[in-house]
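Have a look at the structure below before the remarks.
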Protein chains: 2
Amino acid sequence: MEGNWLSPPERAAWVRLIGMLELLPAALDHQLRRDAGMTHFEYSVLAILSEVPEQTLRMTELAGFTNSTLPRLSNVVKRLVDRGLVERFAVPGDRRATNVRLTAAGHEKMVSSAPGHVDAVREYVFDALTPEQVDQLSEIAAGVLERLDPTGTRRPPIDPAPAS
Amino acid sequence: MEGNWLSPPERAAWVRLIGMLELLPAALDHQLRRDAGMTHFEYSVLAILSEVPEQTLRMTELAGFTNSTLPRLSNVVKRLVDRGLVERFAVPGDRRATNVRLTAAGHEKMVSSAPGHVDAVREYVFDALTPEQVDQLSEIAAGVLERLDPTGTRRPPIDPAPAS
DNA sequence: TAGAGTTAGTTCAAGCGACAACTTTCGCCG
DNA sequence: CGGCGAAAGTTGTCGCTTGAACTAACTCTA
């Protein structure tokens, strides 16, 4: 109830941002589903695990890194376990907690699907941007994220993982 | 299979963009659901109709403007009709086609919910950006959209509608 | 050490989107 | 003008996300 409408430049930016917000996730999901048989969210889970020490993370940490919720992650991890891509095991000190670790098969999956996904990311996003725009995008997204998640609980995971 | 990994700056931008792609839509949806009792997609439909001549659009056009699909739109319009916010009627010349028009109640709904939504958009996005960044974002999103939808079928609708 | 409150994670029901069929209508070509 | 393919929408099924309980385990305090 404070400010009024958006200014014309803001309006233009907003319309385009909304379009990107709807089409880009759909495009990424489609690529991964077609080429790797998994969703973008599942890919993110594997990518993050592949980059972390011991390829192991607790459920709550993993939920934070993926900008997700515990119920959602719980379901997804269940599916990944069924497919043998990750495994669950108890945390020594705390019997409430659960660790999730990438399996060898999960690592293989990342190695095989990451390059194709990175190509898609290039094609849809970075091929359209100059180096200056990449930095601008970085700053802009950082500013918005600061508003959306001031606590910073959700740390920079990574998407197109090296999966070395 | 062409380029290799992302460069460090690209990687940083990517991680942040992914975070924004997941958190921003969720935040907008939450605000609208809480304050207006509808989803962001439903809001978009009403907003676009409110800005178009006669507050009327054909299903296919509306699907394009909302970056959506016909089946999805069909379901949403059905719900909006049940709530009395829009109405469907035949297109004179073509008996296959269907027009959708905003009702008086739908207009009222926009008038009452748009200001709050615009405030949210400001809070999450534009308050975090300088005027220069707004223009940068506009250019960046335009470039990405060009890659995602080269045909440009999906025209600039509008999100935070005046609902005059 | 018993009890209250909190945290970690799972499960269940409800709702929405995606995809594929299906119906109806139109345009076109012989 | 008969028929064939394309276009416009709708409907049905399946899978996933969400939000609300619910269980189990930990911590702090009296």
Side-chain angles (χ1 to χ4, degrees), chain A residues 21-34 36-45 56-83 86-101 151 153, chain B residues 21-34 36-45 56-83 86-101 151 153:
Chain A
L21 250 45
E22 295 191 351
L23 295 181
L24 186 51
L28 295 175
D29 251 31
H30 187 261
Q31 183 271 324
L32 279 170
R33 205 179 279 270
R34 174 170 50 86
M38 61 180 162
T39 66
H40 183 259
F41 183 67
E42 291 170 338
Y43 178 88
S44 298
V45 169
T56 302
L57 234 37
R58 285 181 47 172
M59 288 292 287
T60 299
E61 293 177 293
L62 192 49
F65 287 178
T66 54
N67 298 307
S68 177
T69 61
L70 228 20
R72 181 183 183 188
L73 182 64
S74 183
N75 284 321
V76 170
V77 166
K78 189 195 308 172
R79 292 197 293 267
L80 293 177
V81 168
D82 289 345
R83 285 189 244 169
V86 305
E87 55 192 350
R88 264 186 290 207
F89 60 99
V91 173
D94 189 337
R95 266 182 298 181
R96 294 173 302 178
T98 305
N99 272 333
V100 183
R101 180 168 51 205
T151 73
T153 303
Chain B
L21 250 44
E22 294 190 350
L23 295 181
L24 186 51
L28 295 175
D29 251 30
H30 187 260
Q31 182 272 323
L32 280 171
R33 205 179 281 269
R34 174 170 50 86
M38 60 180 162
T39 66
H40 182 259
F41 183 68
E42 290 170 338
Y43 177 88
S44 296
V45 168
T56 302
L57 234 38
R58 286 179 47 170
M59 289 291 288
T60 299
E61 293 177 293
L62 193 49
F65 287 178
T66 54
N67 298 307
S68 177
T69 61
L70 228 19
R72 181 183 182 188
L73 182 63
S74 183
N75 284 321
V76 170
V77 166
K78 190 195 307 173
R79 291 197 293 267
L80 293 176
V81 167
D82 288 345
R83 286 189 244 167
V86 304
E87 56 191 351
R88 265 186 290 207
F89 61 98
V91 173
D94 189 337
R95 268 183 297 183
R96 294 172 302 177
T98 306
N99 271 334
V100 183
R101 180 169 49 205
T151 73
T153 304

When the side chains of residues 71-79 of chain A are checked against the rest of the protein, which donor-acceptor pairs come out under 3.5 Å, sequence neighbours left out?
residue: Asn75(A); atom: ND2; partner: Pro71(A); partner atom: O; Å: 3.4
residue: Arg79(A); atom: NE; partner: Glu42(A); partner atom: OE2; Å: 3.4

Close side-chain approach of Leu28(A) to Leu24(A), heavy-atom, < 4.5 Å: yes
Which donor-acceptor pairs under 3.5 Å do the side chains of residues 92-100 of chain B make with protein atoms, sequence neighbours left out?
residue: Asp94(B); atom: OD1; partner: Arg96(B); partner atom: N; Å: 2.9
residue: Asp94(B); atom: OD1; partner: Arg96(B); partner atom: NE; Å: 3.2
residue: Asp94(B); atom: OD2; partner: Arg96(B); partner atom: NH2; Å: 3.0

Heavy-atom pair with the smallest gap, counting every atom of Thr39(A) and Arg33(A): CG2-NH2, 3.2 Å
Measure [atom1]/[X] against [atom2]/[N] and give the value in whole Å, please.
X	N	atom1	atom2	result
Leu57(A)	dG9(C)	CG	C1'	15 Å
Asp29(B)	dC16(C)	CG	C1'	11 Å
Arg88(A)	dA8(C)	CZ	P	17 Å

N or O in side chain of Arg79(B) less than 4.0 angstrom from dG17(C) OP1/OP2: yes
N/O (side chain, Arg95(A)) to phosphate O (OP1/OP2, dG9(C)) under 4.0 Å: no
Check: Arg96(A) side chain, dT7(C) base, donor-acceptor under 3.5 Å: yes
Outermost nucleotides of DNA chain D that come under 4.0 Å of a non-hydrogen atom of chain A: dC16(D) to dC26(D)
Rounded distance (nearest 0.5 Å) linking atom CG of Leu62(A) with atom CG of Leu57(A): 5.5 Å
Distance (rounded to the nearest 0.5 Å) between Met38(B) CE and Arg83(B) CZ: 8.0 Å
Contacts of Glu61(A) that satisfy side chain to side chain donor-acceptor pair (under 3.5 Å) - sequence neighbours left out: none
Test side chain to side chain donor-acceptor pair (under 3.5 Å) applied to Glu22(B) - qualifying residues, sequence neighbours left out: none
Contact state string [nucleotides 18-23 of chain C, B base, S sugar-phosphate only, - no protein heavy atom under 4.0 Å]: SBB---
Residue whose nearest DNA chain C nucleotide is more 5′ - Leu73(A) or Gly93(B): Leu73(A)
